[in-house]
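Notes follow once the structure below has been shown.
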Amino acid sequence: MTGNIPSYAALGLAVLAAACSPAGAPAPDFESQAVQDLVRMLSDDALAGRQSGSPGHAVAQELIIARWEALGIAPFQERYRHPFSYGGVDFGTEVALRPQRKSGTNLLGWIPGRSDRDLIMVVSAHYDHLGSVDGEIHNGADDNASGVGGLMAIAEHFSQHKPDHGILLVAFDAEEEGLAGARSLIDDPVLPRDRVALNLNLDMISRNDRPVLYASGTRRWPQLQPIVAQVASGAAVTFEPGFDTAQDEDDWTLQSDHAVFFRAGIPHLYLGVADHPDYHGPGDDYDKIDVDWFNRSLTTTVSLAIALDAALPDLTSPQVPAP
Ligand SMILES: [Zn+2]
């Protein structure tokens, strides 16, 4: 199903969301056909799995930038594309044996805030995936076209309702190659690191056998707990904190691009689902996404971004050391 006319059911959900949204916050425009279309196109066979540096990956860049342009999202520091190089570390081997240095491209969009405080929330999602493995295309619909969809839902909302603080939208490259895009940005002078109050990272938010959206980071950054609890209480999905201590079944603190912000001492929240059977497999396709649940997940993601933006000046406090 495609088309830009919202259904009556969608309008009803939007009204319901308005009634349930945090005090004073406008209803997020989460029933976005444009978001679904983008996620579907990013995970189409035509893009061949969006491996960094591949032709399909270049098309993914064009799709993301075109959507930002359509929303009126400005480029950050006058350009959307921020190239970097990575890999090819010299371990003293002969030149001919050294691994090739590679080029990557992070995409950066900017939504200015209306407050005098010059704090920034970095909202991120990686847009690269694995390409083909053993001759099979890995489309990465959940990992991480879905997170890019979340990035766009937040962009769509704040393009219509100006945030209190600046929002730096980042589509990271080469997450699947050792978080290379995030590592590059954190050390790049283009990033005004002293102003970054938070990283909200989205990686796999569209589906799971266990339909729970998790927020990892509240135990390392306890000041985020009440915000997550507030959003969870009215959330359109089961939304729970977790997966960020050694006592959990997994600790996701170092699992995606937010790890780079965590290591730099910048508070982070990571939204994701537990691994499913198609994780990093050839079956991670758009048609496996439960669009209704995904829309609810997007609603929750946008609601959380609204709450975090409002609370941003209060979020800088010391982290709890790793157990
Ligand atoms: Zn991922």
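We count ligands from 1, going down the list as the structure has it; atoms in each ligand are counted the same way.
For the residue pair S52/D173, the side-chain donor-acceptor check at 3.5 Å is satisfied. A donor atom on one side chain and an acceptor atom on the other are found under 3.5 Å apart for S256 and D203. Side chains of Y127 and E175: a donor-acceptor N/O pair is absent below 3.5 angstrom, by distance only.
Around the Zn ion (ligand 1), protein atoms of type N, O or S found under 2.8 Å number 4.
Between F172 and F261, the ring planes lie tilted relative to each other; the angle falls in the 30° to 60° range.
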inquiry  = Apply side-chain hydrogen bond (donor to acceptor under 3.5 Å, both in side chains) to residues H165 and D309 and explain how you reach the verdict.
reply    = CA-CA 6 Å; H165 305 94; D309 171 53; 3.2 Å; yes

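The aromatic ring centres of H57 and H129 sit 6.0 Å or more apart.
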